[in-house]
> 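Pasting a structure here, questions to come.
Letters A, B, ... mirror the listed sequences (proteins, then strands); counts begin at 1. What's counted below: heavy atoms across the whole structure, side chains too, no hydrogens, waters or symmetry copies.
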Number of protein chains: 2
Amino acid sequence: MSTPDPTTRDRILETARRLFHEQGFHATGISTILREADVHSGSLYHFFPSKDALLIGVLELYIQLLRPAVMDHAEQAATDPIERVFALLNLYRSGLEHLDFKMGCPIGNLALEVADDQPEARRLIDQNFRNWAAVVRSWLDEASDRFSPEADREQIALFVLTVMEGAMMQARAARSLVPFDASVTQLRAYFDALSFAARTNAHAHTPPASHTPEI
Amino acid sequence: MSTPDPTTRDRILETARRLFHEQGFHATGISTILREADVHSGSLYHFFPSKDALLIGVLELYIQLLRPAVMDHAEQAATDPIERVFALLNLYRSGLEHLDFKMGCPIGNLALEVADDQPEARRLIDQNFRNWAAVVRSWLDEASDRFSPEADREQIALFVLTVMEGAMMQARAARSLVPFDASVTQLRAYFDALSFAARTNAHAHTPPASHTPEI
DNA sequence: CAAGCAGTTGATTGATCATTCAATCATGTC
DNA sequence: GACATGATTGAATGATCAATCAACTGCTTG
């Protein structure tokens with residue numbers, strides 16, 4: 001009912017998306033995609049002129065999936081905007097656990113595998129990252145009362161993405177949630193400190209914002 | 001003088017290391033390694049029985065390179081242990097800039113590309129991460145006066161690695177230092193907050209260490 | 001000088017890679 | 001029912017992949 005008749009194109013995209021996530025882009029052969037999607041090569045090349053074009057299609061699919069497959073679940077898991085940030089991180093934590101550390105963030109995986117000779121794919125990976133951080137940013141803005149006016153919420157949103165990706169990478173390598181939980185715990189402590197600073201920002205004892213590099 | 005006759009094995013390892021970093025593991029063909037190292041296939045397979053074994057050799061090489069090629073430079077760039085942490089991050093920043101965002105952290109790249117069917121490689125990637133974090137941990141311990149006793153310096157060291165890897169990934173995707181600098185700035189603010197909390201830890205107004213998940 | 005052996009040569013293997021394309025099928029239009 | 005168009009079939013292409021191996025070289029040791 002909800003998915004009455006997936007198009008051939010959709011079946012190719014979904015299979016490629018899954019295999020790129022499971023095995024990586026280079027490690028996934030076209031023949032495997034054809035077999036698992038139950039499609040012949042001519043059909044694939046009818047819709048996607050090359051493997052690179054297929055990757056672009058997958059990255060566009062991920063842009064569409066961000067809200068329904070990721071962010072909606074985080075928003076459902078918590079109502080407080082700050083708690084939504086950590087609910088989001090917890091979604092990725094659950095993914096690690098359930099898939100036995102075999103797969104990390106699909107965009108992160110592609111980000112490090114896709115070389116510079118695929119500029120369009122690189123651009124779409126960047127767009128995925130920007131959209132992800134923009135949702136976090138919107139949550140932070142909802143909780144603007146818990147940040148001091150000097151706190152750069154755009155930077156903090158990028159920082160949350162940084163922590164998620166770095167924590168996923170370490171957890172996969174260690175096949176353990178320890179580094180992931182450690183990173184999230186430290187991020188939580190930072191958020192607590194920011195909130196504390198916001199509550200006492202009229203005083204003189206706020207931590208100095210020194211060492212901020214020129215950008 | 002300093003490198004007076006690299007052995008064939010060393011030449012293979014160094015070429016493979018460079019190409020894996022530039023292009024990734026799967027994207028690098030044996031034939032390319034052979035050409036650029038000026039070696040014939042039999043010689044390569046005399047030392048390394050398979051491409052996977054070559055990857056293991058490269059990862060062991062990286063373990064050896066950590067101190068002389070990375071950490072020594074960070075220690076030379078700053079004497080204060082906390083500043084060494086940020087000097088280390090600045091080394092990676094320089095790498096991004098210098099190489100036009102084409103290459104990130106070689107270990108991080110491999111961490112996301114190497115699948116679970118190469119358990120020995122995965123273990124060595126984890127070892128590289130652990131050694132990296134252990135050096136950071138040793139610096140944090142040197143500056144233990146700037147952390148409150150409750151601050152978990154082991155977790156913080158893992159957190160620094162998380163931030164480095166996540167920031168490198170985002171910077172590469174964006175082809176911009178903005179997300180990298182944003183992440184480092186936020187990490188610096190966290191360190192400042194930790195230091196501030198340590199200086200005032202006798203008071204009642206320290207941020208609550210709530211929401212720490214059980215591990 | 002003989003024997004042994006680590007190291008090297010380089011052609012060759014079969015498998016798999018991404019991609020092509022002429023033929024065929026399904027569907028809607030005039 | 002003729003025609004056009006989009007979609008599908010599936011065998012075939014040449015390139016490249018990792019890996020093999022018998023022959024050969026140069027050095028060391030007795």
> Quickly work out the L34(A) CG to dT16(C) P distance and round it to whole Å.
15 Å
> So does R130(A) have more than 12 non-hydrogen atoms from other groups sitting under 6.0 Å from CZ?
no
> In whole Å, I'd like the distance from the OH atom of Y45(A) to the C1' atom of dT8(D).
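Those two atoms, OH and C1', are 16 Å apart.
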> In whole Å, I'd like the distance from the NE2 atom of H40(A) to the P atom of dG6(D).
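One finds 21 Å between P of dG6(D) and NE2 of H40(A), rounded.
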> Counting side-chain heavy atoms from C-beta on, which of dA19(D), dT8(C), dA18(C) comes nearest to T8(B)?
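From the listed options, dT8(C) comes nearest.
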> In whole angstrom, what separates R9(B)'s CZ from dT8(C)'s C1'?
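For the pair R9(B) CZ and dT8(C) C1', the rounded distance is 16 Å.
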> What's T28(A) touching, base or sugar-phosphate or nothing? Going by heavy atoms closer than 4.0 Å.
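If one applies the 4.0 Å heavy-atom cut-off, T28(A) turns out to touch the sugar-phosphate alone, with no base involved.
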> Does dC17(C) have OP1 or OP2 sitting under 4.0 Å from an N or O in the side chain of S31(A)?
yes
> Which residue, H46(A) or S41(A), contacts DNA chain D at a nucleotide closer to its 5' end, judged by nearest heavy atom?
H46(A)
> State whether the side chain of E165(A) and the backbone N or O of M169(B) hold a donor-acceptor pair below 3.5 Å, judged by distance alone.
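The answer is no, because no donor-acceptor pair under 3.5 Å joins these two groups.
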> Just the rounded figure in Å: distance from P of dA11(C) to CD1 of I30(B).
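These atoms are roughly 18 Å apart.
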> Between dT19(C), dA19(D), dT9(D), which one does the side chain of K51(B) approach most closely?
dA19(D)
> Can a donor-acceptor pair be found, under 3.5 Å and without considering hydrogens, that links the side chain of R153(B) to the backbone of R137(B)?
no
> Side chain of F47(B): nearest nucleotide among dT8(C), dT20(D), dT19(C)?
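Nearest to the side chain of F47(B) among the choices is dT8(C).
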> Report the residue (G42(A) or A27(A)) whose heavy-atom-nearest nucleotide on DNA chain C is the more 5′ of the two.
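Nearer the 5' end of the strand: A27(A).
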> Return yes if some donor-acceptor pair links the side-chain N/O of H98(A) with the main-chain N/O of S94(A) below 3.5 Å, else return no.
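A pair under 3.5 Å: yes.
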> Determine, stepwise, if the pair Q76(B) / D72(B) fulfils side chain to side chain donor-acceptor pair (under 3.5 Å).
CA-CA 6 Å; Q76(B) 196 183 352; D72(B) 284 354; over 6 Å; no
> Tell me the interatomic distance from I33(A), atom CD1, to dG10(D), atom P, rounded to whole angstroms.
19 Å
> Using whole Å, report how far CG of L44(A) lies from P of dC21(C).
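Taking CG of L44(A) and P of dC21(C), I get 16 Å after rounding.
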> For D52(A) and for D38(B), find the nucleotide of DNA chain C with the closest heavy atom, then tell me which residue's nucleotide is more 5'.
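Its nucleotide being nearer the 5' end, the pick is D38(B).
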> Grab the CG-C1' distance between L55(A) and dC17(C) for me, whole Å please.
17 Å
